[in-house]
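Position 1 is the first residue of the sequence, and the numbers go up from there.
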Amino acid sequence: MIKYLLLVSLVIHATLANSESASKKWLTLNGQRPSVIARGGFSGLFPESSDFANQMALGTSVHDVVVLCNLQLTKDGVGICQGDIRLDNTTNIAMLFEKGSKTYKVNGQDLTGWFALDFTADQLLANVSCLERKVRNVVQNIFSRPSAFDGILPMSTVDDVRNSNPPAFWLNVQYDAFYTENKLNVTNYIQKATRLQGVNYISSPEIGFLRRTNGLVNKAKTKLIFVFLDRKATEPTTNQTYGSILGNLATIKAFASGIAVPKDYIWPVNAANYLDAPTSLVNDAHKLGLEVYASGFANDFTTSYNYSYDPSAEYLQFIDNSQFSVDGLITDFPPTASEAVACFAQYPDIKPTKGQALIITHNGASGVNAGSTDLAYQQALEDGADIIDCSVQMSKDGVAFCLDSVDVTRDTTAAATFMSLSTTIPEIQQPAGIFSFDLLWSDIQTLQPQLTSPFENKGGLPRNPANKNKGKFLTLAEFLELARVKAVTGILINIENAAYLASQKGLDIISSVNTALSNATFDKQSTQKVLIQSDDTSVLSKFQNVPAYSRVLYLKDEISDAPKTPVSEIKKYADAVTLPRFSIVPAIDGFTTATTKVVNEMHAANISVYVTVLRNEFVTLAFDYFADPTIEIATYTSGIGVDGIITEYPATASRYLRNPCSSDSMPESSYSIIPAEAGSLLKTVPEDTQPPASSPTPALDVADVVDPPLPAVTKLASPPPATSPHSSALANIANVFLSLVAIVVFSSLSLV
């Protein structure tokens with residue numbers, strides 16, 4: 001299985017050849033590109049330092065990736081690689097040695113658990129029996145990561161990791177004082193390891209250990225790195241806090257060639273979860289000749305809102321700014337750090353390539369600003385979107401405007417003001433809502449936008465709270481004018497609920513869209529793309545006589561196949577289809593299972609395919625994508641060949657699609673971001689622990705395509721001039737005022 005996994009990892013990513021681009025000037029201490037340090041191998045996917053984790057790190061990262069082992073010692077002095085001193089947090093040892101728990105004082109704190117120093121290497125690693133071997137294996141200790149590999153891989157010794165032949169090897173000694181107190185000599189172990197195996201980096205948060213080690217290693221071959229812990233924590237040798245040691249970096253130069261610091265030592269994050277100005281730490285250290293390694297990177301950790309849940313953006317903040325670059329990135333996800341170092345920082349500001357997939361927004365850059373607002377559209381244009389979109393809604397008085405849903409409760413503050421208008425309309429949606437066609441445009445203009453996240457309640461991942469209620473909504477005419485003035489590549493106009501609006505509300509959304517497009521001359525030009533999208537073929541048929549328009553059928557329900565007959569029906573009405581992600585790459589329990597034939601079947605009929613909706617948040621990404629939205633984008637575009645992606649984060653898509661690493665024709669000296677192969681990761685999971693197969697998704701049917709003709713627009717009686725709570729209140733005040741005037745006049749006449 002290990003050989004198979006290595007093969008899979010090698011096809012997922014290409015490696016970086018030895019030659020480098022001469023054009024990039026790095027602000028590292030030595031002027032070379034930053035190192036990628038894989039903490040415990042690819043520990044973001046597999047249990048830390050397991051064989052799978054180490055092999056995957058080597059196969060998916062830059063050619064000179066550094067593999068880091070967190071050292072623990074057994075009772076008989078054998079080094080094993082485990083990040084937690086308590087083995088019960090990273091293995092299932094407690095199942096085998098039920099009475100093995102002990103309490104020790106570690107750096108001044110009492111810790112209870114199963115410790116490596118209480119067991120011999122044979123007890124922890126020997127293949128005594130199938131059952132015993134299984135229960136002493138490693139597990140993931142972060143719940144957002146796959147548990148499917150728990151209990152199937154043994155703990156790795158230091159020798160095991162070295163025998164995987166990493167280009168560079170890093171030993172981190174976290175607890176020298178603890179082991180010394182318990183009569184285990186880490187220094188002797190390190191001296192032997194560096195002599196027999198070769199260790200490129202040795203790090204520790206303990207000054208005493210580094211001072212002893214300083215005279216025992218060949219400094220030309222092994223770098224000593226001082227590790228800073230939390231600022232308030234106490235360093236055991238000096239009894240000073242790490243925060244106070246930070247103020248005297250010059251003393252570190254006497255026994256170390258570099259420092260490793262938590263990333264917030266460099267870019268602090270304030271209480272509101274936004275970045276503050278960077279500290280001077282990197283530049284200060286570089287002036288003293290100290291390298292700086294930033295730690296704590298993981299794609300599935302919540303980070304500053306400034307990064308918009310894009311892990312590549314965070315890496316770039318540390319290596320590709322005009323002030324400094326750290327010398328290395330210590331990460332649980334080495335492929336993402338590799339693409340940031342070798343691609344995005346190496347080749348910035350690349351112009352679009354003809355023939356690449358279109359970047360289509362979903363309500364503008366709605367991951368950063370409230371959807372369908374002027375700010376969301378302006379951000380999308382700055383971020384490199386090709387097509388900006390407007391989902392057209394209608395107000396009660398017939399004004400067409402942009403908003404994701406006809407129910408205004410999610411994306412506006414309507415619930416605070418117009419709750420009395422909440423109603424249930426089963427033809428549109430099952431839950432009750434406040435609908436745009438029950439509000440006048442003047443009422444809608446009083447509402448504030450509301451930036452929401454589909455993961456705020458479930459995953460605790462809100463979006464950019466600072467911009468939660470900023471921006472203003474645009475009429476369709478204003479949207480078209482923005483697109484025209486900014487000379488955007490194209491626009492997508494989404495139309496839904498046309499039949500209901502015509503028959504029940506007397507609103508002609510088709511005519512409103514046609515008129516607005518004509519007034520903006522989009523029907524008489526060919527320089528800007530115009531995509532008319534609807535889930536109703538009868539709506540699309542209303543636009544078939546305008547050559548400037550391309551029609552897009554939105555197939556909302558997931559499908560597993562697209563037979564020729566329904567595809568032929570689509571061709572009568574549309575030039576393209578928009579499909580949900582899982583109609584192209586289905587998944588189960590976080591693993592992709594395969595790639596359907598739907599894209600190929602549509603392409604065979606000369607129908608373009610757009611995939612929706614792509615988001616950055618790691619909770620929406622299959623494990624195959626490494627909690628990295630870039631890999632998902634690469635899979636759909638470079639791997640499967642969709643014609644466009646619909647995304648709420650166009651900046652992430654633009655960075656990838658505008659970069660040479662997204663191309664198959666990269667020079668040999670470059671790293672390529674290769675798509676995931678759907679289903680390959682699942683095949684590495686033992687059959688007895690694989691998730692059960694899901695119910696089959698139906699194939700596309702003709703009935704899913706063809707819709708009945710649109711009804712005629714009903715002529716309704718003219719509505720009263722004001723029906724909203726605001727206008728009703730004004731009317732009541734006016735009536736009271738008139739009544740008072742009448743009373744006064746009547747009283748005056750009586751007196752006369």
For [X] and [Y], test the side chains for any donor-to-acceptor distance below 3.5 angstrom and give the result as yes or no.
{"X": "Arg211", "Y": "Thr237", "answer": "no"}
{"X": "Tyr274", "Y": "Asn464", "answer": "yes"}
{"X": "Asn141", "Y": "Thr90", "answer": "no"}
{"X": "Tyr315", "Y": "Thr331", "answer": "yes"}

Supply the atom-to-atom distance [X] [atom1] to [Y] [atom2], rounded to the nearest 0.5 angstrom.
{"X": "Asp332", "Y": "Asp300", "atom1": "CG", "atom2": "CG", "result": "7.5 Å"}
{"X": "Leu447", "Y": "Thr413", "atom1": "CG", "atom2": "OG1", "result": "5.0 Å"}
{"X": "Gln82", "Y": "Asn89", "atom1": "CD", "atom2": "CG", "result": "10.0 Å"}
{"X": "Ile645", "Y": "Thr635", "atom1": "CD1", "atom2": "OG1", "result": "11.0 Å"}
{"X": "Arg615", "Y": "Leu621", "atom1": "CZ", "atom2": "CG", "result": "11.0 Å"}
{"X": "Thr60", "Y": "Ile673", "atom1": "OG1", "atom2": "CD1", "result": "12.0 Å"}

Which atom pair, heavy atoms only, marks the closest approach of [X] to [Y]?
{"X": "Ser338", "Y": "Val62", "value": "OG-N, 3.0 Å"}
{"X": "Ser405", "Y": "Asp411", "value": "N-OD2, 4.4 Å"}
{"X": "Cys402", "Y": "Ser372", "value": "O-CB, 3.5 Å"}
{"X": "Ile359", "Y": "Pro650", "value": "CG2-CB, 3.9 Å"}
{"X": "Ser43", "Y": "Arg145", "value": "O-NH1, 3.2 Å"}
{"X": "Trp26", "Y": "Ala345", "value": "CH2-CB, 3.6 Å"}

Worksheet item: If you measure from the Lys or Arg side-chain nitrogens to the Asp or Glu carboxylate oxygens, is any gap between Asp383 and Arg658 under 4.0 Å?
Response: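 So Asp383 does not pair with Arg658 through a salt bridge.
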
Worksheet entry | Glu456/Arg463 ion pair, N-O < 4.0 Å |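 Salt bridge: no.
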
Worksheet item: Has Asp110 got more than 12 heavy atoms of other residues, nucleotides or ligands less than 6.0 Å from its CG?
Response: yes

Look only at the side chain of [X] and the backbone of [Y], and say whether a donor-acceptor pair between them is shorter than 3.5 Å.
{"X": "Asn616", "Y": "Ser308", "value": "yes"}
{"X": "Glu48", "Y": "Gly83", "value": "yes"}
{"X": "Asn270", "Y": "Asp276", "value": "no"}
{"X": "Thr222", "Y": "Val199", "value": "yes"}
{"X": "Ser672", "Y": "Ile674", "value": "no"}
{"X": "Thr28", "Y": "Ser325", "value": "no"}
{"X": "Asn659", "Y": "Tyr347", "value": "yes"}
{"X": "Tyr242", "Y": "Pro205", "value": "yes"}
{"X": "Asn306", "Y": "Leu275", "value": "yes"}
{"X": "Ser49", "Y": "Cys69", "value": "no"}

Discussion item. Suppose we screen for salt bridge (charged side-chain N to carboxylate O under 4.0 Å, His left out). Which residues come up paired with Arg410, at least two apart in sequence or across chains?
Written reply: Asp404

Fill in: Under the salt bridge (charged side-chain N to carboxylate O under 4.0 Å, His left out) test, residues paired with Glu291 that sit two or more places apart
Lys223

Item to complete: Run through Phe333, Phe618, Phe46, Phe42 and flag the one making a ring pair (Phe, Tyr, Trp, His ring centres under 6.0 Å) with Phe626.
Response: Phe42

Item to complete: Can you spot which of Phe226, Trp170, Phe169 makes a ring pair (Phe, Tyr, Trp, His ring centres under 6.0 Å) with Tyr201?
Response: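 Among Phe226, Trp170, Phe169, the one meeting ring pair (Phe, Tyr, Trp, His ring centres under 6.0 Å) with Tyr201 is Trp170.
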
Worksheet item: Mind checking whether Tyr636 and Tyr625 have parallel, tilted or perpendicular rings, split at 30° and 60°?
Response: tilted

[X] side chain near [Y] side chain, heavy-atom distance below 4.5 Å:
{"X": "Ser638", "Y": "Tyr656", "result": "yes"}
{"X": "Phe473", "Y": "Thr412", "result": "yes"}
{"X": "Asp320", "Y": "Phe344", "result": "no"}
{"X": "Gln346", "Y": "Tyr671", "result": "no"}
{"X": "Asp230", "Y": "Pro262", "result": "no"}
{"X": "Asn70", "Y": "Tyr175", "result": "no"}
{"X": "Thr241", "Y": "Lys232", "result": "no"}
{"X": "Thr637", "Y": "Gln356", "result": "no"}

Worksheet item: Within 45° of the axis and under 6.0 Å from the centre of the six-membered ring of Trp267, does NZ or CZ of Lys263 qualify?
Response: no

Worksheet entry | Positive for side-chain contact (heavy atoms from CB on, under 4.5 Å) with Val65, one of Pro167, Ser35, Pro335 |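 In the set Pro167, Ser35, Pro335, the residue that makes a side-chain contact (heavy atoms from CB on, under 4.5 Å) with Val65 is Pro167.
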
Fill in: Reference residue Val173; test side-chain contact (heavy atoms from CB on, under 4.5 Å); the match among Val227, Leu71, Thr213
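That would be Leu71; it is the only one of Val227, Leu71, Thr213 passing the side-chain contact (heavy atoms from CB on, under 4.5 Å) with Val173.
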
Worksheet item: Given the rule in the side chain to side chain contact (heavy atoms under 4.5 Å, CB included) test, do Ser366 and Glu648 qualify, once you have shown the distances and angles that lead to the verdict?
Response: CA-CA 5 Å; Ser366 55; Glu648 295 174 344; 3.2 Å; yes

Worksheet entry | Check against side chain to side chain contact (heavy atoms under 4.5 Å, CB included), Val292 and Ile266 | CA-CA 10 Å; Val292 180; Ile266 300 169; 4.1 Å; yes

Item to complete: Start with the C-alpha gap between Glu339 and Cys661, add the side-chain angles, then the distance that decides, and say whether side chain to side chain contact (heavy atoms under 4.5 Å, CB included) holds.
Response: CA-CA 8 Å; Glu339 70 190 30; Cys661 291; over 6 Å; no

Item to complete: Check the pair Val619, Ser144 against side chain to side chain contact (heavy atoms under 4.5 Å, CB included), reporting the backbone distance first and the verdict last.
Response: CA-CA 8 Å; Val619 295; Ser144 61; over 6 Å; no

Worksheet item: Looking at the rings of Phe318 and Phe297, which for Trp means the six-membered one, are their centres under 6.0 Å apart?
Response: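 Here the rings of Phe297 and Phe318 have centres that are less than 6.0 Å from each other.
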
Let me have the donor-acceptor pairs involving side chains of residues 245-255, under 3.5 Å, with sequence neighbours excluded, atom names and distances please.
from   : atom 1 : to     : atom 2 : distance (Å)
Thr251 : OG1    : Asn248 : O      : 2.8
Lys253 : NZ     : Gly289 : O      : 3.1

